*Asks:* 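Below: one structure in structure tokens.
Remember, it's a predicted structure, so these values are computed and weren't measured experimentally.
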Amino acid sequence: MAHEENRLHIGMIGTGRIARRFVREAAHVSEIGIVAVYNPHSGAAERFKEKCSDMPGVFRTEVYEAGSDGSIPEAFWEKTDAVYIASPHETHIPYIRQALERDKHVLCEKPMSLSGDDAEEVYSLAGSRGLVLLEAVKTAYSPGFDQLTRLIKAGTIGEISYLEAAFSKLEDPHSRELTDREYGGSFIELGSYVMLPGLRFLGINPDEIRFDSIFSGGGSDLFTCCSLRYGDKMATLCCGLGVKVEGRLMIGGSKGYILVSAPWWKTTEITIHREDPGDTESYKYDFEGDGLRYEIRRFADRIRRDPAHTGDGILHENESVGMADIMEAFLKYKRRNTGRQKT
């Protein structure tokens, strides 16, 4: 790999809102440098660079648009060791394939894949080439959620039987998130977050998956609850872009329950409750900035030290594939209930 000042050279594919947050957060990770930005639409990459001109380390970034054949220019690949993908959801898998085939490590925004088979394919490709592929669900990489995982694994509240998680934010009805009838809506935008604790603490292979949604007139889900059943265990996972609810996480076990205060996806405060109301334990954790710096650090660390790492503090491959399976099931449910067929 070619390094400048011993940094990993990162190329960005996509220049949406989260891409700008990525640039700001990347400034806190000394191991990387952003050297290239790509957007296929004329002028978009240049405008993005101008918007980020006040952020550290961006002024040397090169911008690229699609070549005459619609492909990413060769110069983009030559400059980079790894890529961060923040393009529209449905383009993630094609870009991941291109990057891996160029022997580039990949950090991809959530949802990484809308198909379980596609997710398995790209993880297999990454493994065969000794490359790192991570899905960017920032909560999974944060210190508080890592500690929550440890508490659950240690049996702090006994055997887990029930879990509920909610994440909502009110979006402009005219935003892309609510006007993209095929790939927008609450569950595709936010479902990765609420699925994370469900799949981690109850399992990646639920016996039953059920969805209940409130749809807009345009066909986007304003609010969706996903119910997972695992024999005698279950999870209720809700998210909304048009309905506001308390963003907490509650995990129920045979010896008590854990409550992660809103906004739980930042995991800054964990309280353990037992049968005796006075028997509680509370823990507080830092959550720096927008949280993307945690996933960026872990990405860089795995590339440098341990590409095959399967320990704590990351989103695991099987969890990512499990999320993609549920996303695929949701898309089928959505098409059935809005009268739309895949184009």
Side-chain angles (χ1 to χ4, degrees), residues 7-8 10-34 37 39 47-59 61 82-89 92 106-112 134-149 165-172 175-177 186 188-197 239-241 244 246-249 260-270 284-302 313-315 320 323:
R7 291 185 176 189
L8 289 165
I10 303 293
M12 297 178 62
I13 299 176
T15 57
R17 283 181 296 176
I18 199 167
R20 192 173 186 206
R21 294 203 297 272
F22 181 88
V23 173
R24 182 169 58 241
E25 290 284 290
H28 297 274
V29 183
S30 60
E31 295 90 343
I32 75 163
I34 300 172
V37 174
N39 190 305
R47 290 192 296 272
F48 176 80
K49 181 180 178 180
E50 291 173 1
K51 289 179 181 178
C52 296
S53 61
D54 60 335
M55 298 182 190
V58 181
F59 62 95
T61 299
V83 298
Y84 166 67
I85 298 173
S87 56
H89 307 314
H92 288 175
V106 178
L107 176 64
C108 182
E109 266 307 325
K110 50 78 187 166
M112 186 191 81
L134 289 181
E135 183 172 4
V137 183
K138 63 184 180 184
T139 304
Y141 306 89
S142 68
F145 194 82
D146 187 32
Q147 183 58 28
L148 174 64
T149 299
F167 188 161
S168 66
K169 60 177 182 176
L170 298 180
E171 282 287 350
D172 180 345
S175 66
R176 175 199 59 78
E177 288 83 355
S186 300
I188 292 179
E189 288 294 325
L190 302 177
S192 301
Y193 289 107
V194 295
M195 283 191 284
L196 170 62
C239 49
L241 295 177
K244 189 68 179 175
E246 183 180 11
R248 71 171 192 167
L249 168 64
V260 185
S261 302
W264 74 264
W265 51 93
K266 294 187 176 181
T267 319
T268 57
E269 186 172 356
I270 297 172
K284 292 189 176 182
Y285 306 93
D286 292 331
F287 188 89
E288 301 173 355
D290 286 327
L292 277 69
R293 64 191 67 179
Y294 298 119
E295 63 195 30
I296 300 170
R297 284 174 185 154
R298 183 65 71 176
F299 182 56
D301 186 64
R302 283 196 60 188
I314 64 170
L315 181 68
S320 184
M323 289 180 181

*Asks:* Determine the minimum heavy-atom distance between G14 and A19, stating which atoms define it.
*Replies:*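 Closest approach of G14 to A19: O-CB, 3.6 Å.
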
*Asks:* Distance from L190 atom CG to K110 atom NZ, nearest 0.5 Å?
*Replies:*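 It is 6.0 Å, given to the nearest 0.5 Å.
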
*Asks:* Do T139 and K266 touch side chain to side chain, with heavy atoms closer than 4.5 Å?
*Replies:*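 T139 does not reach K266 side chain to side chain.
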
*Asks:* Under 30°, 30 to 60°, or over 60°: which ring-plane class applies to F167 and Y193, parallel, tilted or perpendicular?
*Replies:*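 Rings of F167 and Y193: tilted, 30 to 60°.
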
*Asks:* Could you tell me the separation between the NZ atom of K51 and the OG1 atom of T15, rounded to the nearest 0.5 Å?
*Replies:*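 Going from NZ on K51 over to OG1 on T15, the span is 8.0 Å.
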
*Asks:* Centroid-to-centroid, Y285 to F145, below 6.0 Å?
*Replies:*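 Ring-ring flag for Y285/F145: false, centres at least 6.0 Å apart.
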
*Asks:* So E171 and R176, do their side chains get closer than 4.5 Å, heavy atoms only?
*Replies:*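 No; the side chains remain at least 4.5 Å from each other.
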
*Asks:* Going by heavy atoms in the side chains, are L249 and L148 under 4.5 Å from each other?
*Replies:*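 Yes, at least one pair of side-chain atoms sits under 4.5 Å.
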
*Asks:* Where do L134 and L315 come nearest, in terms of heavy atoms and distance?
*Replies:*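 Smallest interatomic distance, heavy atoms only, reads CD2-O, 4.2 Å.
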
*Asks:* Do M12 and T61 make a side-chain contact, defined as non-hydrogen atoms from C-beta onward lying under 4.5 Å apart?
*Replies:*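 Not in contact.
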
*Asks:* Under a 3.5 Å distance rule, please check whether E135 uses its side chain to pair with a backbone N or O of M112 as donor and acceptor.
*Replies:*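 Side chain of E135 to backbone of M112, a donor-acceptor pair under 3.5 Å: yes, one is there.
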
*Asks:* Testing the basics here: between C52 and R20, what is the closest heavy-atom pair and its distance to 0.1 Å?
*Replies:*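 Closest approach of C52 to R20, heavy atoms only: SG-CG, 3.8 Å.
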
*Asks:* Between CZ of R302 and CZ of R298, what distance do you get to the nearest 0.5 Å?
*Replies:*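 One gets 9.0 Å once the value is rounded to the nearest 0.5 Å.
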
*Asks:* Between E25 (side chain only) and G291 (backbone N and O only), is there a donor and an acceptor less than 3.5 Å apart?
*Replies:*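 The answer is yes, because a donor-acceptor pair under 3.5 Å joins these two groups.
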
*Asks:* How far apart are the C-alpha atoms of V137 and M195, what are their side-chain angles, what is the distance that settles it, and do they pass the side-chain contact (heavy atoms from CB on, under 4.5 Å) test?
*Replies:* CA-CA 10 Å; V137 183; M195 283 191 284; over 6 Å; no

*Asks:* If we ignore hydrogens and angles and just use 3.5 Å, is the side chain of K244 paired with the main-chain N or O of S168 as donor and acceptor?
*Replies:*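 The answer is yes, because a donor-acceptor pair under 3.5 Å joins these two groups.
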
*Asks:* Run L107 and F22 through side-chain contact (heavy atoms from CB on, under 4.5 Å) and show every step you take.
*Replies:* CA-CA 11 Å; L107 176 64; F22 181 88; 4.0 Å; yes

*Asks:* Is a side-chain N or O of T267 found less than 3.5 angstrom from the main chain of G144, in a donor-acceptor match?
*Replies:*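 Checking the backbone N and O of G144 against the side chain of T267, no donor-acceptor pair under 3.5 Å is found.
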
*Asks:* How long is the gap from CD on E295 to CD on E109, to the nearest 0.5 Å?
*Replies:*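 That separation rounds to 6.0 Å.
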
*Asks:* Any chance you could measure L292, atom CG, to F299, atom CZ, to the nearest 0.5 Å?
*Replies:*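 Between atom CG of L292 and atom CZ of F299 there are 13.0 Å.
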
*Asks:* Any donor and acceptor pair, going by atom type alone, linking the side chain of K138 with main-chain N or O of D290 inside 3.5 Å?
*Replies:*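 Pair found, side chain donor or acceptor close to backbone of D290.
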
*Asks:* Which heavy-atom pair separates I32 from A26 by the least distance, and what is that distance?
*Replies:*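 Closest pair (atom of I32, atom of A26, distance): CD1-CB, 3.8 Å.
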
*Asks:* So, does Y141 use its side chain to make a donor-acceptor pair with the main chain of A136 at under 3.5 Å?
*Replies:*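 Between the backbone of A136 and the side chain of Y141 there is no qualifying donor-acceptor contact (under 3.5 Å).
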
*Asks:* Write down the atom of V194, the atom of P197, and the distance for their closest heavy-atom approach.
*Replies:*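 Answer, listing the atom of V194 first, then P197: O-CD, 3.4 Å.
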
*Asks:* Kindly check if the number of other-residue, nucleotide or ligand heavy atoms within 6.0 Å of CG (D172) is above 12?
*Replies:*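 Yes, enclosed.
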
*Asks:* For the atom pair CZ (R293) and OG (S142), what is the distance rounded to the nearest 0.5 Å?
*Replies:*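 Nearest 0.5 Å value for the CZ-OG distance: 12.5 Å.
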
*Asks:* Please check: side-chain N/O of H92 versus main-chain N/O of P111, any donor-acceptor pairing under 3.5 Å?
*Replies:*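 Yes, H92 side chain to P111 backbone: donor-acceptor pair under 3.5 Å.
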
